[in-house]
S.K.: 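To start, I am sharing the structure in question, which I have written as structure tokens.
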Amino acid sequence: MPTDCISFQSSGYFSKLMQDYLDQKTELKPLYNNFPTLENFEKQIAEKASNFDNNNRTALVDTLKKQYENIDISESTQHNITLLALENTFTITTGHQLNIFTGPLYFLYKIISTINLTKELKSKYPSYNFVPVYWMATEDHDFEEINYFNFKGKKIRWNAESTGPVGRLSTKGLEDLFEVYSKELGSSSNANTLKDLFEEAYLKHENLADATRFLANSLFSNYGLVIIDADNTDLKRVFIPYVKNELENQTSFKEVQKSIENLSDYTIQVNPREINLFYIEDKLRERIIFEDDKYWVNNTKISFSKEEILKLVDSNPEKFSPNVIMRPLYQEIILPNLCYIGGGGEIAYWLELKAFFDAVNITFPILLVRNSVLLATEKQAKKADNLNLSWKDLFSKSEVLINTITRKLSPFPIDLTEQKEALEKQFNYLFELAEKTDKSFSGAVKAQEVKQKKGLENLEKRLLKAQKRKLQDQLQRVTDLQCELFPNYSLQERQANFSEFYLENGEQLIPLLIQKLKPLENNFNIIIT
């Protein structure tokens with residue numbers, strides 16, 4: 001049984017927009033810059049080098065050094081931070097929310113895609129340096145999206161309240177969650193490693209940003225990963241001109257609306273606000289609204305005149321936070337970035353932004369869909385072989401899979417196509433006869449045709465149903481295997497946490513993924529552990 005991969009397009013788990021993007025459909029080409037191929041990075045490097053303000057590197061490097069002051073840092077990460085001061089150094093970036101204990105499994109795949117792409121680029125373009133960056137979404141405020149992770153089908157939830165930026169949220173109260181999780185883990189050597197990692201990250205750091213930085217650094221620092229928290233005054237100062245432009249001209253709203261019109265055949269991922277900025281303080285992150293010649297902070301009594309708010313941008317840029325529309329621009333202003341790596345939903349909203357980037361004269365990055373993975377044990381792969389299942393079969397929707405396997409296992413064909421074709425010929429003859437005799441006879445022929453075709457379809461359905469009952473035991477094994485690999489009828493990577501697989505594979509898990517994942521191949525990888 002093949003155990004390597006299937007294409008994203010044939011997996012059944014990617015939207016029409018993502019499939020068309022991967023197929024490089026002509027109508028989408030105005031919405032992105034260079035398509036992600038190794039050769040296209042040469043052009044992207046030239047564009048970014050000519051467009052990026054290298055003065056911004058000083059603030060970037062100084063900020064990173066400060067953020068890493070109280071954390072053990074690997075030589076490779078330290079070296080990469082130093083390299084960022086050089087004009088021939090570029091970044092490959094992925095971003096993710098501050099999910100508790102990494103959240104869903106694909107957190108790993110995002111970062112590994114980023115790390116592996118920098119390796120490929122260094123091999124292809126040795127005169128440049130390439131640094132993998134994980135952008136922590138510290139300014140997000142939707143706590144309900146990040147306050148849990150799934151472990152062996154159980155939801156491990158942090159019951160707390162949060163109203164401001166999640167990165168600033170105190171980690172006090174996570175002791176109870178740690179106790180619940182520890183009991184679920186057991187007492188193996190790998191379980192104890194996970195306990196130590198969780199305890200060190202969340203019980204010995206004061207806020208969620210510091211905890212997440214420690215955790216990601218512990219998992220990936222040996223590969224030179226650089227972790228950035230952009231909720232920072234010095235970095236925001238670099239962004240001041242673009243914040244002012246947003247407040248005065250609402251450029252993002254105007255340009256993104258135009259792009260959305262070009263995406264009318266697809267589901268729109270995000271819709272822009274008239275002003276795509278938040279006002280933030282420790283316990284507050286609310287939208288900025290322009291109304292009655294004043295700038296208001298939504299759900300508060302805080303307001304500013306135009307002169308007051310522009311003065312505040314200059315004096316306290318940290319009080320302004322980009323939303324999902326403006327964040328990508330902020331990223332590309334402060335990082336010498338070539339490529340953003342994300343999931344299908346992220347790439348979908350990035351495709352709305354190209355015209356906005358053009359309007360403010362900032363190079364639009366290459367957009368790469370992250371690696372996706374199905375992890376399977378040797379026992380599960382053997383079960384699939386014994387059941388004569390391909391990986392493509394297992395990616396099918398449950399009902400489709402059962403119908404396919406029923407037909408495959410049946411000793412006789414459950415297909416009345418031949419009879420339907422014969423019936424079609426008979427009625428074609430009867431329609432011809434009606435035309436030559438009495439045209440009113442055609443109605444009776446049509447009614448009889450519909451009735452008999454429906455009868456054959458019902459017989460086929462009953463035959464399939466009967467065979468399902470007869471093959472019940474074998475089909476149950478098929479269903480059980482699919483449920484193991486696709487929990488809750490969803491992708492494993494969206495449901496499970498990495499710790500489930502670390503329990504079995506220990507410290508070999510990440511090196512195995514590093515070895516197997518090829519970020520530019522656009523395939524869904526099946527990896528046997």
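Hydrogens, waters and symmetry mates are skipped; everything else that's a heavy atom, side chains included, is used. The structure presented is a predicted model; accordingly, all values stated were derived computationally and were not measured.
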S.K.: With a 4.0 Å cut-off on N to O distance, would you call Lys383 and Glu484 a salt bridge?
M.R.: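 Yes, this pair counts.
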S.K.: Could you tell me if the side chain of Ile228 sits less than 4.5 Å from the side chain of Leu64, heavy atoms only?
M.R.: yes
S.K.: Is it true that Lys154 and Glu184 have a side-chain N and a carboxylate O under 4.0 angstrom from each other?
M.R.: yes
S.K.: Are Thr138 and Pro165 packed together at the side-chain level, in the sense that at least one heavy-atom pair is separated by less than 4.5 angstrom?
M.R.: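 Not touching, per the 4.5 Å side-chain cut-off.
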S.K.: Before we go on, tell me: are the rings of Tyr21 and Tyr32 under 6.0 Å apart, centre to centre?
M.R.: yes
S.K.: Looking only at heavy atoms, what is the nearest atom pair of Leu485 and Gln492, with distance?
M.R.: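 Looking at all heavy atoms of both residues, the shortest contact is O-CB, 3.4 Å.
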S.K.: Any carboxylate oxygen within less than 4.0 angstrom of a Lys/Arg side-chain nitrogen, looking at Arg370 and Glu346?
M.R.: no
S.K.: State the CD-CD distance between Glu145 and Gln97, to the nearest 0.5 angstrom.
M.R.: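 Here the rounded value is 4.5 Å.
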S.K.: Out of Ile227, Asn116, Asn80, Ile92, which residue meets the side chain to side chain contact (heavy atoms under 4.5 Å, CB included) rule with Pro132?
M.R.: Asn80
S.K.: So, His205 side chain and Glu200 main chain: donor-acceptor pair closer than 3.5 Å or not?
M.R.: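 A pair under 3.5 Å: yes.
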S.K.: Check this for me: does any side-chain nitrogen of one of Lys16 and Asp20 sit under 4.0 Å from a carboxylate oxygen of the other?
M.R.: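 Between Asp20 and Lys16 there is a salt bridge, with a charged N closer than 4.0 Å to a carboxylate O.
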S.K.: Could you check if a side-chain atom of Ile146 sits within less than 4.5 angstrom of a side-chain atom of Ile100, using non-hydrogen atoms only?
M.R.: no
S.K.: Report all side-chain donor-acceptor pairs from residues 506-516 shorter than 3.5 Å, counting only partners two or more places apart or in another chain.
M.R.:
none

S.K.: Might you point out which heavy atoms bring Ser76 and Ser221 nearest each other, and give the distance in Å?
M.R.: OG-O, 3.0 Å
S.K.: Scan residues 497-529 for pairs that pass ring pair (Phe, Tyr, Trp, His ring centres under 6.0 Å), counting only residues two or more places apart or in two chains.
M.R.: Phe101-Phe498, Phe395-Phe524
S.K.: Is the distance between the ring centroids of Tyr202 and Phe178 under 6.0 Å?
M.R.: no
S.K.: Out of curiosity, Thr114 OG1 to Phe130 CZ, how far, rounded to the nearest 0.5 Å?
M.R.: 14.0 Å
S.K.: Answer whether the closest heavy-atom distance between the side chains of Lys119 and Lys124 falls below 4.5 Å.
M.R.: no
S.K.: Nearest heavy-atom pair of Glu352 and Val270: which atoms, and what distance?
M.R.: OE1-O, 2.7 Å
S.K.: Is there a side-chain hydrogen bond (donor to acceptor under 3.5 Å, both in side chains) between Asn337 and Glu332? Walk through the geometry before answering.
M.R.: CA-CA 6 Å; Asn337 194 50; Glu332 297 301 310; 2.8 Å; yes
S.K.: Answer yes or no: is there a side-chain heavy-atom contact under 4.5 Å between His96 and Tyr134?
M.R.: yes
S.K.: Just checking, any donor-acceptor pair under 3.5 angstrom between side chains of Asn488 and Gln495?
M.R.: yes
S.K.: Is it true that a side-chain atom of Thr89 and a backbone atom of Leu83 form a donor plus acceptor pair closer than 3.5 Å?
M.R.: yes
S.K.: Would you say CD of Gln24 has more than 12 non-hydrogen atoms from neighbouring residues, nucleotides or ligands within 6.0 angstrom?
M.R.: yes
S.K.: Determine yes or no for a side-chain-to-main-chain donor-acceptor pair under 3.5 angstrom, with Gln9 supplying the side chain and Phe14 the backbone.
M.R.: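 Checking the backbone N and O of Phe14 against the side chain of Gln9, no donor-acceptor pair under 3.5 Å is found.
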S.K.: I would like to know whether Val131 and Leu225 meet side-chain contact (heavy atoms from CB on, under 4.5 Å); could you show each step before the answer?
M.R.: CA-CA 7 Å; Val131 174; Leu225 181 69; over 6 Å; no
S.K.: Thr529 and Glu504: side-chain contact (heavy atoms from CB on, under 4.5 Å), yes or no, with the steps?
M.R.: CA-CA 9 Å; Thr529 62; Glu504 299 300 321; over 6 Å; no
S.K.: Are any of the side-chain nitrogens in Asp385 or Lys382 under 4.0 Å away from the carboxylate oxygens of its partner?
M.R.: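 Lys382 and Asp385: not salt-bridged.
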S.K.: Taking all non-hydrogen atoms of both residues into account, name the closest pair between Leu215 and Ala201 and its distance.
M.R.: CB-CB, 4.2 Å
S.K.: For the backbone of Glu75 and the side chain of His79, can you confirm whether one donor and one acceptor N or O come within less than 3.5 Å of each other?
M.R.: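 Not at all, since once roles are kept as given, no pair shorter than 3.5 Å links the two residues.
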S.K.: Calculate, to the nearest 0.5 Å, the distance between atoms CZ and CG belonging to Phe90 and Leu84 respectively.
M.R.: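 Answer for the CZ-CG pair, Phe90 versus Leu84, is 11.0 Å.
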S.K.: What distance do Leu338 atom CG and Asn40 atom CG have between them, rounded to the nearest 0.5 Å?
M.R.: 12.0 Å
S.K.: So, the side chain of Asn207 versus the backbone of Ala209: is there a donor-acceptor pair under 3.5 Å, distance only?
M.R.: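 Such a contact is found between Asn207 side chain and Ala209 backbone.
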S.K.: Can you see which heavy atom on Ser11 is nearest to which on Ile6, and at what distance?
M.R.: CA-CD1, 3.8 Å
S.K.: So Phe214 and Asp210, do their side chains get closer than 4.5 Å, heavy atoms only?
M.R.: no
S.K.: Under 30°, 30 to 60°, or over 60°: which ring-plane class applies to Tyr128 and Tyr125, parallel, tilted or perpendicular?
M.R.: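 Tyr128 and Tyr125: perpendicular rings.
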S.K.: Can you spot which of Ile366, Leu367, Val369 makes a side chain to side chain contact (heavy atoms under 4.5 Å, CB included) with Pro36?
M.R.: Ile366
S.K.: Does any part of the side chain of Leu335, heavy atoms only, come nearer than 4.5 Å to the side chain of Thr93, both counted from C-beta?
M.R.: yes
S.K.: Do Asn497 and Lys152 have side-chain atoms, one donor and one acceptor, less than 3.5 Å apart?
M.R.: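 There is no such pair between these side chains.
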S.K.: Might you confirm whether atom CD of Glu42 has over 12 heavy atoms from other residues, nucleotides or ligands at distances under 6.0 Å?
M.R.: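 Open: at most 12 neighbouring heavy atoms sit under 6.0 Å from CD of Glu42.
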S.K.: Using a distance-only test with no angle check, is there a side-chain donor-acceptor pair under 3.5 angstrom linking Ser113 and Asn371?
M.R.: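 Yes, side-chain donor-acceptor contact under 3.5 Å.
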S.K.: Could you tell me whether a side-chain N or O of Asn323 sits under 3.5 Å from a main-chain N or O of Met326, the two making a donor and an acceptor?
M.R.: yes
S.K.: Does the side chain of Pro519 reach to within under 4.5 Å of the side chain of Glu120, using non-hydrogen atoms?
M.R.: yes
S.K.: What orientation do Trp135 and Tyr330 show, parallel under 30°, tilted 30 to 60°, or perpendicular over 60°?
M.R.: perpendicular
S.K.: For atom CD of Glu175, is the number of surrounding heavy atoms from other residues, nucleotides or ligands below 6.0 Å larger than 12?
M.R.: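 More than 12 within 6.0 Å, yes.
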S.K.: Roughly how far apart are Leu17 CG and Tyr349 OH, rounded to 0.5 Å?
M.R.: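 Nearest 0.5 Å value for the CG-OH distance: 14.0 Å.
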S.K.: Okay, side chain of Glu493, backbone of Pro104: is any donor-acceptor separation there less than 3.5 Å?
M.R.: no
S.K.: Main chain of Leu353, side chain of Ser259: is a donor-acceptor contact present, judged purely on distance under 3.5 Å?
M.R.: no
S.K.: side-chain contact (heavy atoms from CB on, under 4.5 Å) between Leu503 and Ser188: does it pass, once the steps are laid out?
M.R.: CA-CA 8 Å; Leu503 272 182; Ser188 68; 4.0 Å; yes
S.K.: Please work out which of the three classes, parallel, tilted or perpendicular, describes the rings of Tyr13 and Phe486, given edges at 30° and 60°.
M.R.: parallel
S.K.: Measuring from atom CG of Asn190 to atom NZ of Lys195, what distance do you get when rounded to the nearest 0.5 angstrom?
M.R.: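 If we round to the nearest 0.5 Å, Asn190:CG and Lys195:NZ are 11.5 Å apart.
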S.K.: I'd like to know if the side chain of Ser162 and the backbone of Phe143 have a donor-acceptor N/O pair within less than 3.5 Å.
M.R.: no
S.K.: Tell me, please, whether Tyr340 has Arg327 positioned over its six-membered ring: NZ or CZ under 6.0 Å from the ring centre and within 45 degrees of its axis?
M.R.: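 Checked: cation-pi criterion met.
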S.K.: Tell me the closest heavy-atom pair linking Gly342 and Ile347, and the distance in Å.
M.R.: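 Looks like O-CG1, 3.8 Å.
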S.K.: Can you confirm whether more than 12 heavy atoms, excluding those of Glu27, are under 6.0 Å from its CD atom?
M.R.: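 It does: Glu27 CD has more than 12 such atoms within range.
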S.K.: Are any side-chain N or O atoms of Asn33 and backbone N or O atoms of Pro365, one a donor and one an acceptor, separated by less than 3.5 Å?
M.R.: no
S.K.: Step by step, would you call Phe149 with Thr102 a side-chain contact (heavy atoms from CB on, under 4.5 Å)?
M.R.: CA-CA 8 Å; Phe149 63 94; Thr102 77; over 6 Å; no
